[in-house]
Number of protein chains: 2
Amino acid sequence: MTVTLADVAARAQVSPATVSRVLNGNYPVATSTRERVLRAVDELDYVLNGPASSLAAATSDLVGILVNDIADPFFGIMAAAIQSEIGGPGGRAGGERLGVVCNTGGSPERELTYLTLLQRQRAAAVVLTGGAVEDTAHASAVSAKLRKLAEAGTKVVLCGRPPAPEAAEAIALTFDNRGGGQQLTEHLIGLGHRRLGYIAGPQERTTTRHRLEGHRDALAAHGIEDDPRWTVYGRYDRRSGYEATLELLRRDPSLTAVVAANDTVALGACAALRDSGLRIPDDVSVAGFDDLPFSIDAVPALTTVRLPLSEAGARAGRIAMGREEPPPGGIATVRGELMVRGSSGGPRL
Amino acid sequence: MTVTLADVAARAQVSPATVSRVLNGNYPVATSTRERVLRAVDELDYVLNGPASSLAAATSDLVGILVNDIADPFFGIMAAAIQSEIGGPGGRAGGERLGVVCNTGGSPERELTYLTLLQRQRAAAVVLTGGAVEDTAHASAVSAKLRKLAEAGTKVVLCGRPPAPEAAEAIALTFDNRGGGQQLTEHLIGLGHRRLGYIAGPQERTTTRHRLEGHRDALAAHGIEDDPRWTVYGRYDRRSGYEATLELLRRDPSLTAVVAANDTVALGACAALRDSGLRIPDDVSVAGFDDLPFSIDAVPALTTVRLPLSEAGARAGRIAMGREEPPPGGIATVRGELMVRGSSGGPRL
DNA sequence: CTGTTAGCGCCTTCAG
DNA sequence: CTGAAGGCGCTAACAG
């Protein structure tokens with residue numbers, strides 16, 4: 001029923017081995033022979049059997065990209081960049097690789113499941129994006145998995161994720177969340193703010209912790225006591241920002257600025273402030289993080305920290321494909337850039 | 001080096017076939033035997049070889065999800081919903097399927113490439129999301145590919161995409177873009193608008209065409225002549241909305257409403273209007289399409305048409321997994337819901 | 001319920 | 001540069 005390599009060989013009057021060689025292009029074949037084979041492939045409408053090929057070669061053309069939330073542009077932008085570097089030629093059969101993104105939904109179990117599935121498929125590479133969960137048991141389970149993947153020849157790259165201490169084989173491009181958070185809060189302090197609310201992300205995430213630490217570093221550097229009432233934990237979504245802001249306002253109506261864990265949360269914060277009859281930035285300044293495309297369209301435009309998601313993703317993709325040297329030591333820190341816009345201003349008197 | 005099924009069989013003192021059976025759970029095995037096998041699997045840290053398994057079984061656990069732009073939440077939301085229905089148990093080996101999203105970037109070539117790659121992998125199912133490109137040559141190439149996939153046993157589902165006329169095997173859940181566009185414009189006309197600008201998406205896309213047709217249907221129904229100056233084509237992004245709006249304003253400053261191809265474009269339109277010193281909706285009303293999460297946060301909140309992306313995606317996922325009956329005739333139309341919000345109001349006098 | 005026996009379709013030495 | 005041959009690891013009849 002289905003056309004096999006042998007059929008192509010018969011039609012082209014060569015041996016299966018030869019067909020395999022022209023298809024994989026990893027071995028010298030006479031031009032005339034190649035053309036004959038290619039013609040046969042075309043005439044027969046032959047499609048390589050991936051599993052068979054992967055089985056024999058003990059490696060596949062699959063490249064996995066794990067993201068926490070595919071509906072969040074933060075991950076979408078990185079994934080698109082990674083995939084664009086993977087899609088191109090460079091794979092084994094016919095030169096195409098299959099970059100596939102897997103949505104973990106932020107769940108440690110699903111992350112592990114996907115990793116196993118990818119391991120099962122003998123993936124050529126795996127790129128994990130975004131913050132990690134800080135649960136110890138899970139973290140070491142993931143590290144162990146990554147180590148095994150690496151041992152089996154799968155390249156492992158972390159993008160926008162802190163290095164895995166127990167899996168040194170994994171190359172890491174880490175975002176400087178701490179530094180970014182610090183810059184942002186420094187900016188607000190510089191404007192005169194002294195009472196700043198902070199809406200953090202989920203408690204057990206590295207990204208959450210690092211951004212918050214940066215914020216606190218800035219406060220400490222300026223001798224501002226960090227009132228515990230000023231920090232609220234939530235999720236990385238708009239709703240969470242909305243609710244957390246109301247909560248912050250309830251706890252301390254005298255706040256003059258709200259720093260959000262990311263832009264999406266900041267948008268929710270803006271909505272809550274507006275609904276509370278407060279003007280931005282006249283009454284309360286707001287800041288986000290990431291500089292997603294919509295942030296510039298907020299009214300007023302959002303002050304935030306731009307992360308070079310696309311660039312980092314592209315680099316991660318290239319490293320995963322072995323087309324770029326990994327950074328020295330296997331770890332590189334990617335810095336963010338403070339974007340001062342209309343949502344931040346001096347505090348009300 | 002790597003542990004194989006035979007090793008597990010030896011350790012558990014059973015035949016390889018038995019091991020396979022407990023792993024796939026598709027055949028009766030004595031509980032005691034199963035436990036012994038599972039223990040051996042665990043002790044040996046065995047991981048099934050996916051390619052070998054797929055080769056022997058002539059099908060894989062891979063399910064492809066094609067999206068036009070992974071960085072766009074429109075697709076992200078659908079993809080997440082589809083993947084959530086796929087991820088669960090139901091696959092062959094160990095009950096897990098690998099839902100993988102592929103980013104075509106809207107390019108017909110990449111779409112075809114991914115389809116081939118998926119075909120090569122003997123994917124269990126493929127879900128194509130979003131509008132199709134209307135180039136005839138490409139459309140029939142895709143249809144041909146889909147037909148071949150279906151013949152090879154791959155389930156094909158279209159989600160938010162019009163039916164493929166030449167590939168009737170493909171189940172289609174189509175969005176009623178035309179009806180939605182019509183409702184939206186009806187709403188604006190009802191408010192009293194008579195001069196409406198329209199920012200369309202890329203010219204050769206089905207989504208673009210259908211939404212525009214709906215708009216024109218509404219105009220025609222009310223005897224409003226559609227001035228050609230009032231339509232501008234662009235891309236589905238913010239920048240395009242910004243530029244198109246300036247262009248519309250230049251062509252006819254007397255427009256009282258701008259209808260955008262989607263919410264993202266509408267956001268750009270709002271920015272352009274604001275930058276031109278026009279108030280929304282006092283001077284000009286704005287409307288979007290899709291009702292993405294950020295639309296409610298625009299200031300003023302965006303009037304738009306809500307598409308049940310998540311629900312449609314979930315349904316598509318279930319159908320792809322054979323867990324839900326396809327709609328009669330293989331085609332279902334999913335309607336949108338008009339969401340009237342602050343960005344639309346009566347025209348200025 | 002379990003073991004035996006053939007392949008699945010391709011890649012990759014090894015000769016020529 | 002090309003052909004022949006063996007096996008990659010697993011599944012699916014078929015017996016028992």
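Distances were taken from every side-chain heavy atom of A:Ser53 (C-beta onward) to each of D:dG3, C:dC11, D:dT2; the shortest belongs to C:dC11. Comparing C:dG7, C:dT12, D:dA12 against the side chain of A:Ala57 picks out C:dT12 as the nearest. Which of D:dT11, C:dT12, C:dC11 sits closest to the side chain of A:Leu48 comes down to C:dC11. Of the candidate nucleotides D:dT11, D:dT2, C:dT12, D:dT2 has the atom lying nearest to any side-chain atom of A:Thr33.
Rounded to a whole Å, the CZ atom of B:Arg120 is 16 Å from the P atom of C:dG9. The nearest whole Å value for the distance from the CZ atom in A:Arg36 to the C1' atom in D:dC1 is 12 Å. For B:Leu5 and D:dC8, the CG to P distance is 14 Å, given to the nearest whole Å. Nucleotide D:dT11 holds its P atom 7 Å from the CG atom of B:Leu23, rounded to whole Å. B:Gln121 places its CD atom 15 Å from the P atom of C:dG9, with the value rounded to the nearest Å. Look at CG on B:Asn49: it is 13 Å from C1' on D:dG7, rounded to the nearest Å. Distance B:Asp61 CG to D:dG9 P: 19 Å, rounded to the nearest Å. Between the CZ atom of A:Arg122 and the P atom of D:dG9 there is a distance of 8 Å, given to the nearest Å.
Inter-residue side-chain proximity for A:Lys155 and A:Val126 is flagged as unmet; no heavy-atom pair is nearer than 4.5 Å. Using a 4.5 Å heavy-atom cutoff, the side chains of B:Val22 and B:Val41 are not in contact.
Formation of a donor-acceptor pair under 3.5 Å by the B:Gln83 side chain with backbone atoms of B:Gly99 is found in this model. The backbone N or O of B:Ser54 lies less than 3.5 Å from no partner atom in the side chain of B:Ser60, so there is not a single donor-acceptor pair.
Residue B:Leu55 is in base contact, counting any heavy-atom pair closer than 4.0 Å across all strands shown. Note on A:Ala30: only backbone sugar-phosphate atoms sit closer than 4.0 angstrom, heavy atoms only; bases stay farther off. Residue contacts shown for B:Val14 are limited to sugar-phosphate atoms, with no base heavy atom under 4.0 Å away.
Under 3.5 Å, the side chains of B:Ser15 and B:Thr18 contain a donor-acceptor pair of N or O atoms.
One N or O donor and one acceptor, one from the side chain of B:Arg21 and one from the base of C:dG3, sit under 3.5 Å apart.
Between A:Thr18 and D:dT2 there is no side-chain N or O to OP1 or OP2 distance below 4.0 Å. Side-chain N/O atoms of B:Thr2 include one lying less than 4.0 angstrom from OP1 or OP2 on D:dG9. One finds a side-chain N or O of B:Ser15 lying less than 4.0 angstrom from the OP1 or OP2 phosphate oxygen of C:dG3. A sub-4.0 Å separation between OP1 or OP2 of C:dT12 and a side-chain N or O of A:Ser20 is absent.
Looking at B:Leu128, B:Val101, B:Val100 one by one, the single match for side-chain contact (heavy atoms from CB on, under 4.5 Å) with B:Leu66 turns out to be B:Leu128.
Between B:Ala17 and A:Val19, it is B:Ala17 whose nearest contact on DNA chain C lies nearer the 5' terminus.
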